[in-house]
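When a ligand or atom number is given, it counts from 1 through the structure's own listing order.
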Amino acid sequence: MSSFPRVEVSLSKLEHNAKRVVEVCKPLGIEVAAVTKGFCAYPELAEALLRGGVQMLADSRIDNLKKLQHFSVPKILLRIPMISELDDVLEYSDYVLISEIETAKILGQKAAQRGKKHKVIIMVDLGDLREGFWLDDVVEAAGKINGMDGIELAGIGTNLSCYGGVIPSEANLGNLAGFARRIEEELGINLSIVSGGNSSSMPLVFDGKIPSKINNLRIGEAMLLGRETITGIERENFYNDTFVLEAEIVEIKEKPSVPIGEIGVDAFGKIPVFEDRGIRKRAIIAVGKQDLQPDTLIPADKSIIILGGSSDHTLLDIHDCRIDYKVGDVLRFELTYGGMLWSMTSPYVKKVFIP
Ligand SMILES: *Cc1c(COP(=O)(O)O)cnc(C)c1O
């Protein structure tokens, strides 16, 4: 396999970022589940996060949880499960997020057959409109699930800023805390987990504004890339270059910035639009949409402009760069969440883990 493109992952930077998240969460009584789905749950990377002190691992896919079995920490299945995968859910997860009574019932039956109880975290939709019981239904659903054979109602949780873009706040997470208290009172049980969301809840943690009842967060992006989707936590001493994509230049030429000839559609059926910037120096790197979308690349050289790409080529404007790049040079890019996810998934991108 050729050396490039490759994604270089710094294990020590991952560990540092994990440590940063854990050290701000701990004083607030919050345990951290590190979310491994952004990097296909490579065990070497999960291990770095565990060295950073995270208390659990979490992933959306059973296939990924399978890779993490040798770690002794509890594992959470993040995606509400398919009924068809419940046997694997029992086998490979300790906790599962649930938003359907029917799914819980079948899971419970299967667990009971094995003489076991499986831990369930009930998801509450606080308005983001992805998964979760709607507000009026939460307490009743908790009652039903709590009474099921083979099920231990371990907690409740929510997910925000994923589909609807709803920002976590003292108010909506306070609402989750309120539901936790009501369930505990009405059912006479103790919920061991109140899971207050993903990386987008980190600003509340940094500002000390997260409701005290919240005792768990499921953190991916903040830890992996030192970013979170809404306000940015870059100020809080995180590494953003934990994952770096390296790609080799295969062509450098001066060309017009607008194509010549009648414009139809591009390789993906879209009608392309061009800004006329005159004749510009351009580079082609040998990485393309089979690996990642061009707009997920963040050039280390800030003078590089990403123009676009096709399946196997990404086009760059290097006209304003101070460095005199040559064919064969390797360019480095930080990655957005999507870029990390795609480059870690693409079989064409080599993975290199550095200490
Ligand atoms: C992906 C995911 C997370 C982690 O999200 P980040 O923004 O990467 O922190 C948490 N919870 C659920 C249910 C998820 O699917």
Subject >> Glu91 and its salt bridge (charged side-chain N to carboxylate O under 4.0 Å, His left out) partner, picked from Lys66, Arg114, Lys75 >> reply: Arg114
Subject >> Atoms in ligand 1 flagged as close to Arg130, the criterion being non-hydrogen separation under 4.0 Å >> reply: 13 (C), 14 (C), 15 (O)
Subject >> Geometric N/O contact Leu78 with ligand 1, under 3.5 angstrom >> reply: no
Original post:
Is the cationic atom of Lys289 (NZ for Lys, CZ for Arg) positioned less than 6.0 Å from the six-membered ring centroid of Phe268 and within 45 degrees of its normal?
Top reply: yes
Subject >> Backbone N/O of Asp291 and side chain of Ser346: donor-acceptor pair under 3.5 Å >> reply: no
Original post:
With atoms numbered from 1 as shown, which atoms in ligand 1 lie under 4.0 angstrom from a non-hydrogen atom of Tyr337?
Top reply: 8 (O)
Original post:
Against heavy atoms of Glu221, which atoms of ligand 1 measure under 4.0 Å?
Top reply: 6 (P), 8 (O), 9 (O)
**OP:** Below 4.0 angstrom from a heavy atom of Lys37, which ligand 1 atoms are there? Numbered from 1 as shown, please.
**Re:** 1 (C), 2 (C), 3 (C), 14 (C), 15 (O)
**OP:** Might you confirm whether atom CZ of Phe274 has over 12 heavy atoms from other residues, nucleotides or ligands at distances under 6.0 Å?
**Re:** yes
Original post:
Counting from 1, what ligand 1 atoms have a heavy atom of Ile219 closer than 4.0 Å?
Top reply: 9 (O)
**OP:** Could you check Leu49 against Met223 for side-chain contact (heavy atoms from CB on, under 4.5 Å), going step by step and ending with a plain yes or no?
**Re:** CA-CA 8 Å; Leu49 300 175; Met223 201 178 278; 3.7 Å; yes
Subject >> Ring-face cation of Arg20 near Phe238 (centre distance under 6.0 Å, axis angle within 45°) >> reply: yes
Original post:
Judging by distance only, is a nitrogen or oxygen of Ser200 under 3.5 angstrom from one on ligand 1?
Top reply: no
